There are 2 protein chains.
Amino acid sequence: MKDNNDMPGHLARRFQQIAVAVFLAEVGEAGFDLTPVQYAALATIKANPELDQVTLAGLIAYDRTTITGVVDRLVQKGLVERRASPRDRRARALEITDEGRRTLRKITPAVESAQAIMLRGLSAREGEELMRLLRKAIAAGNELSRAPLREVDLKA
Amino acid sequence: MKDNNDMPGHLARRFQQIAVAVFLAEVGEAGFDLTPVQYAALATIKANPELDQVTLAGLIAYDRTTITGVVDRLVQKGLVERRASPRDRRARALEITDEGRRTLRKITPAVESAQAIMLRGLSAREGEELMRLLRKAIAAGNELSRAPLREVDLKA
DNA sequence: CAATATTGATCAGTATACTGACTATCAGTA
DNA sequence: TACTGATAGTCAGTATACTGATCAATATTG
């Protein structure tokens, strides 16, 4: 009988579980209250002014129904503003606030330390190899989830 | 600036997301309605008669507050029975039903095909290496999540 | 340009995960 | 045995994820 430890699905779940716990612990110790998902969204909003929610979802591979709540919480924390888009009255244009920028800047060391802790059982070479293999498997499976990654031409 | 693709946390989330989608698609096509989490719980209950919920949680690294709902749903589907433990009046003794056994047997091909699809971008060697590195990283981080894996002496 | 299709956002409902609290019970010890 | 501490299970509350539906607005096309 196949052991759990031979199931990539089980290993995926477990690694993710640890990754989230480590992220929350590091960020929490640094005095911030931000989830991994909120962090990625905030960083992406900062990098792409006037981003709408669907495009944001595509850039970080979130489901469009999930992004609504994530942005809600970022807005509630005062890190992001949700305005009406000037080009499309259906869309919201997201903008990072000054406090969002400040938070992002101050939180970075904790985020990077979290990434290191997740890989602490591996040598640097192994860590690189793990990331390479994950990237490759993810690229091949991108279209299999409801929320695939979408690279977008943003200068439009 | 660090790209998402250099963040093990982001890759972990993404790989897990694809793994769950693939599992649900394969199992659904085979005519079953079972999540990855429910499947692992069911298989573990089958392998360990009279298992209590905390031990079950430890064997598959679920949070004890999560296991309640998972077992609820297995019971509701008629795949598991939740009895009073003969030894400890606090505990529940979980038993797989005949239908649970049948389901587990018939669902196995779909589960294995799902595991293969998750790795379809990788060669066999790369797939093995990915699992090895995940196992190693997970072992090092086991205690960092609220729901660590607990290997238990079950013949007690 | 009118009918149709598509798209951005949200909502209701379900299923993990986790935090923190609580009850009932058990185990160890003074 | 009475006290203390630990343990099994559950619950309320919050945050991802996803399914499927809906509404409003935009695009497409006959």
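Naming convention: chains lettered A, B, ... in sequence-line order (proteins, then strands); numbering from 1 in each chain. These numbers were taken from a predicted model, which means no experiment stands behind them.
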With no hydrogens and no angle check, is any side-chain donor or acceptor of Arg102(B) less than 3.5 Å from a backbone partner on Thr97(B)? no

First and last nt of DNA chain C near chain B, cut-off under 4.0 Å to heavy atoms, 5' to 3', are dA15(C) to dC26(C)

Using a strict 4.0 Å threshold on nitrogen-to-oxygen distance, state whether Glu99(A) and Lys77(A) make a salt bridge. no

Which residue lies more 5' along DNA chain C, comparing Ala91(A) with Gln16(B) via nearest heavy atoms: Ala91(A)

Select from Asp88(B) and Asp88(A) the residue whose nearest nucleotide in DNA chain C is closer to the 5' end of that strand. Asp88(A)

Would you kindly compare Ile18(B) and Arg89(A) by the position of their nearest DNA chain D nucleotide and give the one closer to the 5′ end? Ile18(B)

If you compare all heavy atoms of Leu144(A) against all heavy atoms of Ala21(B), which two are closest, and at what distance to 0.1 Å? O-CB, 3.4 Å

Salt bridge or not for Arg132(B) and Glu129(B), using N-O below 4.0 Å? yes

For a side chain to side chain contact (heavy atoms under 4.5 Å, CB included) with Val27(A), tell me which candidate from Val22(A), Asp33(A), Val111(A) qualifies. Val111(A)

So if I take residues 21-39 of chain A and measure heavy-atom distances to DNA chain D, which residues fall below 4.0 Å? Thr35(A), Val37(A), Gln38(A)

Can we say Arg82(A) and Asp52(A) salt-bridge, meaning some charged N sits less than 4.0 Å from an Asp/Glu carboxylate O? no

Val37(A) and Val70(A) have their tightest heavy-atom pair at CG1-CG2, 3.5 Å

So, for Asn142(B) and Pro148(B), which heavy atoms are closest and what is the spacing to 0.1 Å? O-CB, 3.2 Å

Hydrophobic cluster membership, Ile96(A) vs Tyr39(A), 4.5 Å side-chain cutoff: yes

Whole angstroms only, please: what is the CG-C1' distance between Leu51(B) and dG9(D)? 14 Å

Nucleic acid contacts of residues 62-71 of chain A, taken as heavy-atom distances under 4.0 Å to DNA chain D: Asp63(A), Arg64(A), Thr65(A), Thr66(A), Val70(A)

My understanding is that only one of His10(A), Gln16(A), Gln17(A) makes a side-chain hydrogen bond (donor to acceptor under 3.5 Å, both in side chains) with Arg14(A); could you say which? Gln17(A)

Double-helix bend of the helix from dC1(C)-dG30(D) to dA30(C)-dT1(D), axes at both ends from 5 pairs, round to 10°, gives 10°

For Ala140(B) and Gly121(A) the tightest heavy-atom approach is CB-CA, 3.4 Å

The single option from Val71(B), Asp98(B), Thr103(B) passing side chain to side chain contact (heavy atoms under 4.5 Å, CB included) against Leu79(B): Thr103(B)

Side-chain ion pair, Glu95(A) and Arg101(A), N-O less than 4.0 Å: no

Is it true that Arg83(A) and Glu50(A) make a salt bridge, defined as a side-chain N closer than 4.0 Å to a carboxylate O? no

Using OP1 and OP2 only, check whether a side-chain N or O of Arg92(B) sits under 4.0 Å from dT10(D). yes

Using atom CD of Gln53(B) as one end and atom P of dA8(D) as the other, report the distance to the nearest whole Å. 11 Å

For nucleotides 1-5 of chain D, which of its nitrogen or oxygen atoms have a protein nitrogen or oxygen under 3.5 Å away, and what is each distance?
none

Could you tell me which non-hydrogen atom of Leu104(B) sits nearest to which non-hydrogen atom of Ala43(B), and how far apart they are? CD2-CA, 3.8 Å

What residues form a side-chain hydrogen bond (donor to acceptor under 3.5 Å, both in side chains) with Gln115(B), not counting sequence neighbours? none

